[in-house]
2 protein chains.
Amino acid sequence: MTRYPGQKHYLVAVDCIIFGFDGEHLKLLLIKRDFEPEKGKWSLMGGFVQPDESSEEAAKRILFQLTGLEGVYLEQLETFGRPDRDPVERTLSIAYFALIDIHQYEKQISGKYHAGWYPIDKYPKLIFDHSAMVELARKRLRYKASLHPILFELLPEKFTMPQLLNMYEDVYDAAFDKRNFSRKILSTDLLMKQKDKDKSASKKGAFYYKLNKRKYTANFHAFLKFIPNPDHLI
Amino acid sequence: MTRYPGQKHYLVAVDCIIFGFDGEHLKLLLIKRDFEPEKGKWSLMGGFVQPDESSEEAAKRILFQLTGLEGVYLEQLETFGRPDRDPVERTLSIAYFALIDIHQYEKQISGKYHAGWYPIDKYPKLIFDHSAMVELARKRLRYKASLHPILFELLPEKFTMPQLLNMYEDVYDAAFDKRNFSRKILSTDLLMKQKDKDKSASKKGAFYYKLNKRKYTANFHAFLKFIPNPDHLI
DNA sequence: GAAAATAATTGTACATTTGACACTACAAAA
DNA sequence: TTTTGTAGTGTCAAATGTACAATTATTTTC
């Protein structure tokens, strides 16, 4: 039988950067690590890749463990492989980032991990190189979202134009002209205007929109040049 | 001492998708695998991550082994982690792609690996999931190159406008209007016109250009919206 | 020195996209 | 019915992108 003699074996983990949007701010889902080392410290949700699963399956499993959600937007970010990143023994971590509808998450019960949502620009110190993962994920989110309509993944099924604007403004930490913004958004033809309104935020109420899933899938790659000043991408 | 009990360990490899441009076509550097399994079959250049090195260092080492080149453009592509991707035992592979000046490579001697350059759309069957890696790298290259001036990494220090046009046309498998092309390229202010000409391709000769490295570094992220019709990115 | 071949420049008309900007519409509450 | 707070539009000028052609420049070769 063939072998690869003399090669070292390592642990391989998956860590998930989970983004949510609460209507005000872009947030990050963190947990309190429940094993040593660094037990009790804030951390990304992660776990080891099991023998029978791919790394993507591992990420989905871990995401489901924490949030109870399936079928969410998930993308491989990058593999972190510095030899000393885990003090216990060499562990490479494949980082994934996920975009979830925070309100769906809230329906789930998961006290087990003592999870908490933190604003993306004000989260606690994290273990190991998890902060580097978060910062990279944040850049990638901006990059990707300036080219593709992925931010819709953060919203509930029905959302309003002001909510959408808020979200983009928070993600890019910039102000957009609401007239130009809505013109651009609507020109993509990705949204379907609903008959009912959200009146929780104003007297007049704002019309709900739904995403046209078919067109979303079909035009995912044709959303380019969406954000006015793409210096955010750096 | 803290441990992670009961977790499986795996081999971790690095595979390099090495792109070159010979003045005519975008090419891929492949080797003949010199160990079992699949010995003698075509493969990407790869190797196992050693205990003292990060995955990026491993990729650089492997690149150097094959090409003798250092300081080349190198970017992590994605980690391939299907449980059965290597028939011998579970091995995760972190794929990197590199852009090199093919002429610099040719100066190196490296008969050891029986390496060969193949056109990107006509390369032999590769072992394992290496073909999937190549196809992903190709997509990524187009994507990235439509937003950032990375294709200059494929050219020698001095190059001409027709060469540049050739390269873009081959990478995107599309024809570009040379007038609009050169206008756009020059408007980026990334090129420095030289006094001498390349007369190998025509009687009149074409002026050489050099990349302004300072501006290249400074404006790397501001090259956006370069390619006319970004449907190639899919 | 004329012909041939390609490089390089300049132009231009048109459609499209962008960005700056200010007012009206609506519905509830007072 | 007036007030209040937010939602929702319209216009214009400038910049950009694109599809075209014609001309000039340079050098080798015939």
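Residue numbering restarts at 1 for every chain, and letters A, B, ... go by the order of the sequence lines. Side chains included, hydrogens not; waters and symmetry mates left out as well; all remaining heavy atoms used. As the structure is a prediction and not an experimental result, all values here were calculated from the model.
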What is the distance, to the nearest angstrom, from the CZ atom on B:Phe159 to the C1' atom on C:dA7? 16 Å
When you measure only distances, ignoring hydrogens and angles, does the side chain of A:Arg179 come within 3.5 Å of the base of C:dA20 through a donor and an acceptor? no
B:Phe207 and its side chain to side chain contact (heavy atoms under 4.5 Å, CB included) partner, picked from B:Lys195, B:Lys193, B:Lys158, B:Gln194: B:Lys193
Gap between atoms CG and P, on B:Asn180 and C:dT12 respectively (whole Å): 15 Å
Between A:Gly205 and A:Asp177, which has a closest nucleotide on DNA chain C that is more 5'? A:Asp177
C:dA29 base / A:Lys203 side chain donor-acceptor hit below 3.5 Å: no
Specify the separation, in whole Å, of atom CZ of A:Phe207 and atom P of C:dA25. 15 Å
Please determine whether any donor N or O and acceptor N or O are separated by less than 3.5 Å between the side chain of A:Arg183 and the base of D:dG10. no
Heavy atoms only, 4.0 Å cut-off, all strands: where does B:Lys197 land among base, sugar-phosphate and nothing? sugar-phosphate
Between A:Met161 and B:Lys178, the residue closer to the 5' end of DNA chain D by nearest nucleotide is A:Met161
Pair B:Tyr168-B:Gln163, side-chain donor/acceptor within less than 3.5 Å: no
Could you check whether atom NZ of A:Lys197 has more than 12 heavy atoms from other residues, nucleotides or ligands sitting under 6.0 Å from it? yes
note: B:Lys204, atom NZ; D:dT24, atom C1'; distance rounded to Å ~ 7 Å
Test ring-ring contact (aromatic ring centres under 6.0 Å, His included) applied to B:Tyr118 and B:Trp42, step by step: CA-CA 11 Å; B:Tyr118 284 89; B:Trp42 287 105; 5.2 Å; yes
For atom CG of B:Leu186 and atom C1' of C:dA8, their distance in whole Å: 10 Å
With a cut-off of less than 4.0 Å, is there a side-chain N or O of B:Lys199 near OP1 or OP2 of C:dA7? no
What integer distance in Å separates B:Gln163:CD from C:dA7:P? 10 Å
